Amino acid sequence: MTTSTGPLLFQPLTLRQTTFRNRIWVAPMCQYSVPEQNGIPTDWHLVHLGARAQGGFGLVLTEATAVVPEGRISPQDTGLWNDEQTQAWSRITAFIAGQGARSGVQLAHAGRKASTHRGFPGEPTGPAPASDGGWEPVGPSPVAFTGLVTPHEMSAADLDDTVEAFAAATRRALTAGFDVVELHAAHGYLLHQFLSPLSNTRTDAHGGDFDGRVAFPLRVVDAVRDAWPSDRPLFVRLSATDWAPGGWDLEQTVRLSRLLREHGVDLVDVSSGGNVRADIPVGPGYQVPFSAGVRSGAGIATGAVGLITEPDQAEQVLANGEADAVLLARAALREPAWPLRAASELGLTWREAPYPPAYVRGRWDDAPTRARP
Ligand SMILES: Cc1cc2nc3c(=O)[nH]c(=O)nc-3n(C[C@H](O)[C@H](O)[C@H](O)COP(=O)(O)O)c2cc1C
């Protein structure tokens with residue numbers, strides 16, 4: 001569906017003073033491609049993220065990037081806790097900016113789901129032993145994720161240190177040239193572990209009822225917002241539901257999203273699941289209703305993600321008012337220049353689409369029907 005001003009997917013979006021050229025964004029995706037296990041992004045990350053900036057996405061989000069070494073999911077994750085990492089990210093953000101895209105870093109701490117094997121095909125899965133670079137994970141409570149190690153319960157001092165680590169990583173994100181910070185509070189990682197009663201059994205001020213369970217994530221949000229310039233947007237990725245009885249759910253997600261708006265968050269990236277094993281009714285756009293619920297219920301901008309694969313389908317999400325932007329993960333792996341095909345399918349000419357000059361000869365709306373020396 002198009003409007004008189006063209007497809008909604010290609011309408012720019014401005015959050016604070018940051019404008020995105022379109023509303024088709026690359027979802028965060030772990031690449032497990034730091035063989036040195038030092039958290040420093042490599043040429044793989046430059047090419048992987050850079051190709052999607054060339055391919056016309058409006059925002060390219062990095063994978064979950066750890067704020068401390070023990071916050072990595074696997075030893076091969078990227079990080080943002082030292083100067084070498086900051087420097088390496090700078091090269092990547094500069095390339096992305098040069099393509100007219102915005103860059104965002106997803107800051108993360110894996111908590112009780114840290115220190116696992118990356119699980120590439122043919123490689124082991126499950127907890128990574130020290131001999132493979134693993135460590136002892138921490139979490140809100142000594143409650144293990146099925147099949148993983150029981151975490152060490154975080155002390156009050158651990159919580160203070162972790163808040164500061166998120167703030168320090170945010171300052172590094174600024175130095176590295178990122179336009180957006182997204183806090184990873186979904187998929188059963190540390191901040192989500194605090195939110196859900198299935199993983200947070202604390203009896204102090206950081207557990208118990210809704211207010212107690214959201215307290216630590218809100219402390220992190222406040223510290224990050226303080227460290228992040230007021231012209232740059234802050235996103236939070238939430239799992240809208242644990243898909244499990246007695247767990248985190250949409251009603252609490254909407255309630256938290258209202259608080260996030262009050263605390264200076266600009267957009268909620270609405271995903272689901274990951275905190276406990278559950279049967280998830282997966283299908284096209286299966287999480288879009290959660291995005292719609294947060295957008296209307298909390299009055300905050302949202303991103304929709306999850307099996308959004310076709311241009312018409314993505315356009316419809318925006319036309320229905322279910323989200324302000326769509327995020328693509330697996331479709332973007334298959335097709336780094338998905339937005340360029342979408343532009344053509346939705347009726348834009350190549351001049352109206354975000355083609356790099358060097359790719360114009362491969363444009364979709366002038367398929368190769370004549371000889372090109
Ligand atoms: C290879 C891969 C790595 C992922 N890593 C992350 C991650 O680092 N952070 C995150 O929030 N989600 C991660 N996800 C989830 C995606 O961002 C997305 O929410 C999910 O794949 C559903 O979207 P899709 O149907 O477009 O793939 C990952 C997904 C894939 C396929």
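One-based numbering along the sequence shown. Start at 1 and go down the list; that is how both ligands and their atoms are numbered. Keep in mind it's a predicted model, so treat the numbers as computed, not measured.
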Say whether H184, considering both its backbone and side-chain N or O atoms, lies within less than 3.5 Å of an N or O atom on ligand 1. yes
Measure from atom 27 (O) of ligand 1 to every heavy atom in E63, R330, Q287 and give the option owning the shortest one. R330
Heavy-atom nearest neighbour in the protein, as seen from atom 18 (C) of ligand 1, with distance rounded to 0.1 Å: A329 CB, 3.7 Å
Just to verify, what does F10 make a ring-ring contact (aromatic ring centres under 6.0 Å, His included) with, not counting sequence neighbours? none
If you define the side chain from C-beta out and look only at heavy atoms, does anything of W89 sit under 4.5 Å from R172? no
Near G306 (heavy-atom distance under 4.0 Å), the atoms of ligand 1 are 22 (C), 23 (O), 25 (O)
Applying a strict 4.0 Å limit to heavy atoms, is A331 in contact with ligand 1? no
OG1 of T78 to CD of Q31: how many Å apart, nearest 0.5 Å? 9.0 Å
Looking only at N/O atoms, are Q31 and ligand 1 under 3.5 Å apart anywhere? no
If we only count heavy atoms from C-beta on, is the N275 to R112 side-chain gap below 4.5 Å? yes
State plainly whether the residues E345 and R341 are in salt-bridge range, i.e. N to O under 4.0 Å. yes
Is any N or O atom of I308, backbone or side chain, closer than 3.5 Å to an N or O atom of ligand 1? no
Under 3.5 Å: N/O of C30 near N/O of ligand 1: yes
Salt bridge or not for R171 and D226, using N-O below 4.0 Å? no
Evaluating non-hydrogen atoms only, which member of M29, E182, R237 is closest to atom 12 (N) of ligand 1? R237
W248 and side-chain hydrogen bond (donor to acceptor under 3.5 Å, both in side chains): which single residue from N200, D242, T253 fits? T253
Identity and separation of the nearest protein heavy atom to atom 6 (C) of ligand 1: P28 O, 3.1 Å
V305 N/O to ligand 1 N/O under 3.5 Å: no
Going by the side-chain hydrogen bond (donor to acceptor under 3.5 Å, both in side chains) test, which pairs reach into residues 216-225, not counting sequence neighbours? D160-R219, H206-R219, D222-H263, R225-D266
Can you confirm, on distance only, whether ligand 1 has an N/O atom lying under 3.5 Å from any N/O atom belonging to Q106? yes
CZ (F57) and CH2 (W25) are apart, to the nearest 0.5 Å, by 12.5 Å
Under 4.0 Å from any heavy atom of A27, which atoms of ligand 1 are there? 17 (O)
For L327 and ligand 1, does the shortest N/O to N/O distance drop below 3.5 Å? no
